Each structure stands twice: as C-alpha cells, then as structure tokens.
Amino acid sequence: MNRTLRALVATAALALTTTACNANSPQESSSSGFHKGGTLTIYSSADEQSFDPAKSQSLAITSQGLVHRRLTTWDIRPGQEPRVVPDLATDTGRASDGGRTWTYTLKPGLKFSDGSPITSADIKYGLERSFAPELSGGLGYHKTLLVGGDKYTGPYDGKELSSVETPDDRTIVFKLGTAYGDWPWIASMPAFAPVPKSADTKPATYGNDPVASGPYEVKSSKPGTAVTLVRNPEWSRETDEIRTGGPDTVVFKLSQEDTVAAQQLIADSGDAKNAFGAGFVPPAQLKQITSNPGAKARLALSKPGALQYLALNNRRPGLKDVRVRRAIEYAVDKRAFQLATGGSQGGEIASTLITPGIPGRQDYDLYPADETGDVAKAKSLLAAAGAENLQLTLVTANDTGSVAKAEAIQQGLQRAGITVKIEPKDVNVYYDAITDDKGDYDLTVGSWQPDFPSANGNISPLFASNQIGGGNFNLSRYSVPQVDALIARATGEVDPSVAQRTWAQADRRIMQDAPVVPLLYARNAFLRGSGVQNFDVSGFPNYPNYLRVSISK
C-alpha cells in the first residue's frame, strides 16, 4: 500500500451533492458538475482483480467499494478531514460494556444484486469466511479483536463465531476481548461486506462473480485481460450517501505496465481519455508530465504520507544482530532512494514509523546522519558485530520503478561492504513471497499507508507479532513481547489522547530495535484522462476516491 502527496495540482474535484437518485438514470446531471453515464477505464498492473471481500485489503474508497458495501465506510472529500460514516448500518456503531460490545442496525430495504434482502446474517457470514485459511490475505484487525477469533477457522466446517450475534435480521452485535475505540473504522473494512451463504458454493472463485451490494456488479472477469463492472439494478442511492454511481460501466484493464499506462494517459486519446491509472505515475515520467501543460492539469499529487521503508527480515541469520540492523540504518542512502522515487516530488526523507497527518505523531531520529548516510558509522557497527562480507537478498516487484528503488538501496549498502542481490518478481508472486509463512528473503522495500487514520493503522499491522506471515504485512518478521504489550495497551485505550501517546512510545521503542529503515514519506502521483471528472487525491488516504469519479458528457 502507498500514500503520499505533493504539490496540490488541482483536478476536477467538484463538490458533489448527495441528492438521492436512481442508479439506472443513464444521463443524470447535477448542478455540481457530476454526470452519469459512460465507461470508465482503470489501468492496473495486476494480472487479476478479485472481488472477494474476505481476501481484500482494498481501501474503502477504491475498487472493492464499487461492488461491496460494508457496515460503515469513509467520507473522503477535498478539504475535509476523513470521517467514518454509516454505510449499510444506520450509524457508526453503539458501544457498551466499556467499549467491548458494539451494536449495529441495518438500514431498511437493503438488497443484493440478485434481489434478495441483505440481513445481519449475511454480514456475519461474510465476516466468518474471512477467518477461513483458504481465503487468507484480507485485512485482519477484527480477527484478533473478536472473542474467540484467535481459534476460529471459518464457517466451512459448520461452526459459527459466537462473538458475532444476530438477534434479528437487522441487528448485529460484536463482542470484543478488549475495549477498542477504533471499532467503527474496523467495521468499514472489506470483511464487513455481506455475503449470502447460499451463493458461497465455490469459495476459491467467489471473487470472480460475487453477489453485489454496491452500485456495480461483475459482468465478466478475464484474468490477465480485464474485469468489467456494470450497474447493480438493486443498488439505491437513497440508502447510500457516499457512492455516486457515475459511470454506466467500469473496466479494470489488467496487466498494464505503469509506464505504458502513463504514456497512454499523457497522450489522452481513445480509451485513455476516460481512464485513470490505479498505480502511481512512474518517477521518470513526472518531468515529462510537468513540462506538458495539458498533462500537468490532469495530474493529482498528494501530500507526504505513506511510509516507504526497507524491511530487514529479523529472522534471517545475517540480520538477527541488532548491531547489523543499526549499521544498515546508517548505510542506506536515503537521498539516492528519493531520487529513484522522483526527487523531492516523490516524497520527504523519513525517520519515524507513524506517517505525517496522523494524530499524536512525534518527529524524531534515532540514527541521525546526512541524507546520503553515514558509511563510517555503518562499517564500525558491522565490524563490532563481526559481520564482514555480509551478503543479502532483496526481493522486489519487477516493474521499472521498483527495481530502480532496489538498486538505490543496493548501491548504498555496497559502500559499507554489504553485497545485495536483487530478485525481481512478478507483482502477484512478489506480494505472496513477502507475506507468506516462509519469509524467504532478507530485504524488501515496503510502502504502507494506514488502513484507517490512526497510529494503530501504522504500528499494529507492521510490527505486531500476530501479523507475521499468513498474508499479513509484518515484513520484517519483528516479534518483541514488550512491543506487543505496548500495542495491546494502546489498542485497548478508549481515550484518544492517551492512546496517541502510547502509540508514539511504541514508535520510538520499535526503532530502537531497527527492524526497518524509514526511507520516505511518499507523495503519490496519479494521472487521469481529460474525460474523467471528480478525480481527487485528498489528504488521507492519498489515493483517488473511486466512488465519486464520473465521466464528462
């Protein structure tokens, strides 16, 4: 995941009304400039696009949100703080038992794309299947919070998760093991989308043709080529204040190399006119775009946000000694990495784990050095650890930008006598390799944007012991009981100011162990065609809001 930003080059970020309208009105226009109709194309480098909510780490405002609604969702608009708002539920949740019990009521009249009613049992079943090992890979915050979640393995053996109760068709109750003030944000995650049990006959392929609750349903899915979404006839804007359901059709064009996609968008002809790139604009093309007034006007740049970091696999023999990891903190050439990311426009030099813009973040640097590093200090630490002639493998995605960043790391470490072998992999193979249980790598460059606007979303997924392997993103395989205790304390705190101080304490404590090297607070750059309206990258999460994009007449 990524987040970043930069000079605010305005896109057509028009304020949208939330006036109720029927999704099937093909040519509706509003005074806000929002237009219904047309085909939106989204270029993606992935070779497949699954819409299985149990396996998804999609942000609430991106691809999954077009097909699936959740109990709550995000209200992301230009110039305003992100808000958690009701989606299928009537409110963002009612806490009781000191924050350990959360109750939701579904809005009346909700329907799936097949016309059947959406009930609390469908929410419960959708959530339960996210625990099934065969559907791993989705966001898993709820798995450690719900009572019994640590032992539950999904519904396919006939067992239910008793900490999720459905006393009637419109009520669902969650019993947590500890107080959790961020639960309304958790309920906005993909696993909280409804899935009818009767439709889940082939779980492994459910994401190719799911039963939709959002404004679109899957019409066709061709791995390596495209996924086409068309309107869900049962979706009603009257119950959905967030999604505008603009285009008639949304096409995810798969296997699109980012540089090729950017070139098509710069040219702004054919399908590209009504398209945008899901990936970041490659750094090498930023200069080309900013020197082209027509393309520059269609560039959306974010503020500094997502943490780009070098993960040091703490379980690998060469990296178990903290002195070696601290040596790498000094040996890395962050300026070279910044240049490989597009220079200062690509992001700001980082030294901490909590990203800018998150409440309670504290700025500090435990390994002060010039932006190019301190090679002498690195060599001294390596010598003290007896780690001469250190040889490490760095796995990375095989796209041009990722390889360039890996080479910047490689050349920086070489100055301290550390030999780095780069292993590029196809993007899906790469993500499997860094999140599986094996962890067969020494180094990898990660990029992380919190899954919700709390330091909890920075620290827990990257450094909690229970986030290692199994599709999770503790890429440094870091496991320290004292840190786990800090995370548990902060997570259970319902007073935001106290929680923020604890998260800041955890940030500093983790960096003492040097499990990762913070590199940049990245700025994300996205490019759209001239026919795409309402395309904006707000402060958080520094990604386009797919749910409000429309096509001009």
Side-chain angles (χ1 to χ4, degrees), residues 16 20-30 34-44 46-53 56 58 60-70 73 87-88 110-118 122 190 193-196 199 202 205-240 242-256 270-276 278 528-529 531-535 544-553:
L16 301 179
C21 58
N22 189 304
N24 300 306
S25 303
Q27 293 296 322
E28 176 187 358
S29 295
S30 79
F34 167 64
H35 171 250
K36 296 195 79 170
T39 296
L40 171 69
T41 299
I42 301 173
Y43 296 132
S44 172
D47 60 15
E48 61 180 326
Q49 174 72 56
S50 170
F51 283 91
D52 190 325
S56 172
S58 172
I61 60 168
T62 57
S63 55
Q64 293 279 328
L66 296 169
V67 174
H68 299 295
R69 298 176 66 178
R70 309 104 189 267
T73 192
D87 194 354
L88 294 172
L110 299 169
K111 292 182 179 179
F112 283 113
S113 52
D114 63 4
S116 61
I118 296 174
D122 300 316
V195 175
K202 297 179 180 178
T205 58
Y206 179 77
N208 294 337
D209 187 22
V211 183
S213 52
Y216 299 96
E217 59 183 335
V218 177
K219 176 183 179 183
S220 64
S221 180
K222 300 177 182 176
T225 304
V227 175
T228 300
L229 309 182
V230 295
R231 291 194 182 281
N232 168 9
E234 300 294 342
W235 174 76
S236 171
R237 181 78 184 278
E238 294 179 1
T239 67
D240 193 338
I242 295 302
R243 298 164 184 81
T244 57
D248 287 335
T249 305
V250 179
V251 178
F252 286 86
K253 247 184 164 176
L254 307 177
S255 305
Q256 302 293 303
D271 291 343
K273 205 164 187 174
N274 292 337
F276 69 83
R528 65 176 174 86
V532 176
Q533 295 180 321
N534 308 314
F535 185 82
N545 186 347
Y546 290 18
L547 309 187
R548 293 182 174 274
V549 169
S550 58
I551 300 297
S552 61
K553 285 184 179 178

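Counting begins at 1 with the first residue of the sequence. Note that the structure is predicted; figures quoted are calculated from it, not measured.
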Can you name the closest pair of heavy atoms from Pro196 and Asp122 and give their distance?
CA-OD1, 3.5 Å
Does Pro247 offer a backbone N or O that forms a donor-acceptor pair with the side chain of Tyr216 under 3.5 Å?
yes
Can any side-chain N or O of Thr244 pair as donor or acceptor with the backbone N or O of Leu547 at less than 3.5 Å?
yes
Of all heavy-atom pairs between Ser63 and Gln49, which one has the smallest distance, and what is that distance?
OG-NE2, 3.6 Å
Output for pair (Arg528 CZ, Asn534 CG), nearest 0.5 Å, gives 9.5 Å
Nearest heavy-atom pair of Asp52 and Ser50: which atoms, and what distance?
N-OG, 3.2 Å
Would you name the heavy atoms of Ser113 and Glu217 that are closest together and state the gap between them?
CB-OE1, 3.6 Å
dist Gln256:CD -> Thr225:OG1 (nearest 0.5 Å) comes out at 9.5 Å
Looking only at heavy atoms, what is the nearest atom pair of Ala60 and Thr73, with distance?
CB-OG1, 3.8 Å
Evaluate the ring planes of His68 and Phe51, with Trp represented by its six-membered ring, and classify them as parallel (under 30°), tilted (30 to 60°) or perpendicular (over 60°).
tilted
Which residues satisfy the side chain to side chain contact (heavy atoms under 4.5 Å, CB included) test with Ser56, sequence neighbours excluded?
Ser58, Gln64, Pro190
Could you walk me through whether Val251 and Ile42 pass the side chain to side chain contact (heavy atoms under 4.5 Å, CB included) check?
CA-CA 6 Å; Val251 178; Ile42 301 173; over 6 Å; no
Look up atom CG in Leu66 and atom CD1 in Ile61, then write down how far apart they are to the nearest 0.5 Å.
10.5 Å
Within this structure, what is the CG-OG distance for the pair Leu110 and Ser116, rounded to the nearest 0.5 Å?
11.5 Å
Any donor and acceptor pair, going by atom type alone, linking the side chain of Thr228 with main-chain N or O of Ser220 inside 3.5 Å?
no
Quick one: CG on Leu88 to OG1 on Thr239, what's the gap to the nearest 0.5 Å?
7.5 Å
Distance from Leu40 atom CG to Phe252 atom CZ, nearest 0.5 Å?
8.0 Å
For a quick test of your reading: what N or O donor-acceptor pairs under 3.5 Å do the side chains of residues 208-215 make, sequence neighbours left out?
unit_1: Ser213; atom_1: OG; unit_2: Arg69; atom_2: N; d: 2.9

Kindly indicate whether the side chain of Leu254, heavy atoms from C-beta on, has any atom under 4.5 Å from the side chain of Val227.
yes
Work out which heavy atom in Val532 is nearest to a heavy atom in Asn274; give both atom names and the distance.
CG2-C, 3.6 Å
Donor-acceptor check, side chain of Arg243 to backbone of Arg237, threshold 3.5 angstrom: yes or no?
no
Test side chain to side chain donor-acceptor pair (under 3.5 Å) applied to Ser552 and Gln533, step by step
CA-CA 6 Å; Ser552 61; Gln533 295 180 321; 4.9 Å; no
Where the side chain of Arg70 meets the backbone of Asp87, is there a donor-acceptor pair that is under 3.5 Å apart?
no
